[in-house]
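Residue numbers begin at 1 in each chain, while the letters A, B, ... track the order of the sequences.
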Amino acid sequence: MVEHHLDPSSAHGRTNTLAQDFMSTPESGSSNFIRDLVAADRSAGKHGGRVVTRFPPEPNGYLHIGHAKSIVLNFGIANESPGGVCHLRFDDTNPTTENPEYVQAIQEDVRWLGFDWRGKLFHASDYFERLYAFAIVLIEKGKAYVDSLTADQIREHRGTLTEPGRNSPYRTRSVEDNLDLFARMRAGEFADGTHVLRAKIDMSSPNINLRDPILYRIRHAEHYRTGTTWCIYPSYDFAHPLSDAVEGITHSLCTLEFEDHRPLYDWVVAEADAPHRPQQIEFARLNLTSTVMSKRKLLELVSKKLVAGWDDPRLPTLQGLRRRGVTPEAIRAFCEHIGVAKRDAIVEMQLFEHFIREDLNKRSPRVMAVLRPLKVILDNYPEDVVEELDAVNNPEDISAGTRKVPFSRTLYIEQDDFKEDPPKQFYRLAPGREVRLRYGYIIKCMSATKDPQTGAVTELHCTYDPETKSGSAQEQRKVKATIHWVSASHAATATIRLYHPLLLPAPPQHSAEADWTGSLNPQSLELLTDCLVEPSLRSSSPGSRFQFERQGYFCMDPESSPEALLFNRTVSLKDTWAKVEKAQQVRPR
RNA sequence: UGGGGGAUCGUCUAGCGGUAGGACGCCGGCCUUUGGAGCCGGCUACCUAGGUUCGAUUCCUAGUCCCCCAGCCA
């Protein structure tokens with residue numbers, strides 16, 4: 001049954017989120033200093049009024065929520081500029097860390113997030129030949145030289161933060177010698193580490209990046225795309241600005257740590273006679289509480305098998321979030337909301353959860369599932385009767401219709417919904433008390449059966465009030481609580497994974513970075529077996545998202561099967577009672 | 001004790017010389033067949049000290065604190 005009533009409350013709710021409801025293209029973003037700057041450049045006719053941005057990941061890991069911020073910014077700015085475009089470029093200049101698995105995953109993730117590079121897919125490795133030619137230009141202008149110092153010697157010559165560096169004895173090599181040596185580097189005549197190509201700038205610069213930075217190094221390694229064609233590889237500081245220039249990037253957005261590379265970026269573009277001069281603008285990277293975001297730490301978790309893989313739902317990777325049930329819309333809305341600025345910031349995980357709930361609330365079908373079952377027998381309900389009760393699929397979306405849920409004499413409810421000795425403000429089931437069963441009847445608890453050994457409550461005997469059937473007009477009796485349930489003989493068994501923060505709230509302070517895994521939450525994964533879910537779930541498919549009423553949002557795992565249902569909890573519902581209960585523990589009754 | 005950046009509610013963020021606003025969170029209330037959702041109300045914020053100005057979060061000066069940089073990583 002599908003109704004099309006215009007529900008005033010949901011219609012009202014919709015006016016607030018109009019932009020998000022019509023997002024065949026992702027929502028246009030809120031204002032920030034970079035958007036303002038790009039808009040100003042465009043109206044001033046800078047770069048010919050064009051806007052070309054780029055998202056330039058190195059394919060040495062999986063994308064995470066921090067990358068999402070950059071993706072949303074770069075693609076967002078391009079998409080809202082007439083004729084604007086955002087390139088996807090793999091910054092693959094270091095053959096030892098990169099591999100095609102990551103390239104594939106990154107493309108998938110960008111698409112999943114809802115962005116389209118419109119055919120503008122590039123690799124820095126596409127430009128190796130051109131970059132080589134730019135290097136020749138530099139050498140010919142006397143702006144670059146081959147240095148034959150060892151790595152240690154180079155470090156030693158570089159000076160320190162407070163002391164200037166010293167010129168390498170090879171700094172004065174002739175252009176002819178440099179050309180010859182550089183050609184032989186390329187030809188493979190030299191071993192790794194024996195020579196590098198360096199920019200000739202200023203060894204006494206207060207900016208260490210300008211103390212003759214390394215432009216090329218020798219690496220006899222197989223590159224996942226160019227194989228063994230090359231044994232010299234350009235460094236980031238050389239490849240990045242020139243790749244931007246070659247692609248006609250107008251605004252090259254990157255994170256704060258590259259701020260003092262900007263003079264070098266500009267130097268490279270200018271001295272190499274690049275066809276175009278992009279503008280680098282820096283912004284603060286995203287930090288989130290109670291999780292890890294650095295590639296190094298994520299890789300460590302995965303390779304040490306501290307988590308199940310890159311798509312472990314506890315991880316802030318895009319694949320982890322997807323498997324957990326987070327939608328791309330929620331991620332985008334979050335990224336737009338947190339803003340873009342230059343100050344270091346740590347965003348609370350609760351803010352992210354808010355955007356996940358907000359999105360899932362509108363779209364998730366409701367369903368009943370009992371995570372920790374407690375048997376309930378309705379003593380006055382006939383043994384051979386099964387009623388099919390009408391249940392609303394989504395009160396936020398009447399067009400989602402209704403479904404039938406079987407009801408019978410023996411049911412299961414949540415253990416938490418019964419307390420033999422109820423504390424103050426607990427208004428669920430207790431001896432002698434009444435609650436409504438969602439979509440069903442009001443029931444009254446007559447007695448609790450206990451395990452003689454442990455004293456644990458094993459089953460409840462209740463009576464139901466036939467006059468109070470849901471939807472019947474005659475009985476308007478109110479009770480304080482409504483609880484969810486499943487019919488014992490109809491329910492399907494499921495395994496459910498609950499996720500808790502990856503990091504402990506207060507990380508042990510002792511040693512800083514070395515053993516950061518000490519602050520990992522050993523209880524980050526909670527596995528519940530023998531959960532009982534309503535039978536309609538048997539026919540749903542992996543990836544489907546639901547709200548388990550009164551509990552949270554759950555997503556059917558890819559490894560779920562009709563015989564072995566498996567769900568991941570995306571995020572819990574806000575739980576007012578949990579707060580009250582916690583407050584009571586601090587100051588009882 | 002070099003250079004580059006940054007400081008606004010608990011947390012993000014707006015402000016561009018004229019009443020410091022929004023979101024999350026938290027607290028209280030309303031409503032409710034989800035203690036959900038929704039609604040209403042509230043919450044000790046401009047780093048400090050001077051200066052300019054009728055008026056400064058905004059401009060100037062001097063401090064303080066925080067972040068980044070000494071990879072042949074990006």
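Every residue two or more places apart in sequence or in another chain was checked for a side chain to side chain contact (heavy atoms under 4.5 Å, CB included) with A:R343, and none qualifies. A search for side chain to side chain contact (heavy atoms under 4.5 Å, CB included) contacts involving A:N32 returns A:I34, A:R35, A:L73, A:V340, not counting sequence neighbours. In terms of the side chain to side chain donor-acceptor pair (under 3.5 Å) criterion, residue partners of A:Y553 (sequence neighbours excluded) are, by chain and number, A:Q547. In this structure A:T96 satisfies the side chain to side chain donor-acceptor pair (under 3.5 Å) test together with A:N94, sequence neighbours excluded. Annotation: side chain to side chain donor-acceptor pair (under 3.5 Å) contacts of A:D417 (sequence neighbours excluded): A:R428, A:R550. In this structure A:N394 satisfies the side chain to side chain contact (heavy atoms under 4.5 Å, CB included) test together with A:R366, A:E396, A:D397, A:A400, sequence neighbours excluded. Partners of A:D152 under the side chain to side chain contact (heavy atoms under 4.5 Å, CB included) rule, at least two apart in sequence or in another chain, are A:T150, A:R155. Not counting sequence neighbours, A:K444 has no partner by the side chain to side chain donor-acceptor pair (under 3.5 Å) test. Judged as a salt bridge (Lys or Arg N to Asp or Glu O under 4.0 Å), and not counting sequence neighbours, A:R211 has no contacts.
Residue A:E259 places its side chain closer to B:rG4 than to any other of B:rU34, B:rG4, B:rG35.
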Please tabulate the protein-to-nucleotide N/O contacts below 3.5 Å involving nucleotides 25-27 of chain B, giving atom names and distances.
from	atom 1	to	atom 2	distance (Å)
B:rC26	OP1	A:K579	NZ	3.1
B:rC26	OP2	A:K579	NZ	3.2

Worksheet item: What does nucleotides 66-72 of chain B look like as a protein-contact string, B for base, S for sugar-phosphate only, - for none, at under 4.0 angstrom between heavy atoms?
Response: -SBBBSB
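Consecutive Watson-Crick or G-U pairing (both distances under 3.5 Å) extending over three or more pairs maps onto RNA chain B as B:2-7 with B:64-69, B:10-13 with B:21-24, B:25-30 with B:38-43, B:47-51 with B:59-63.
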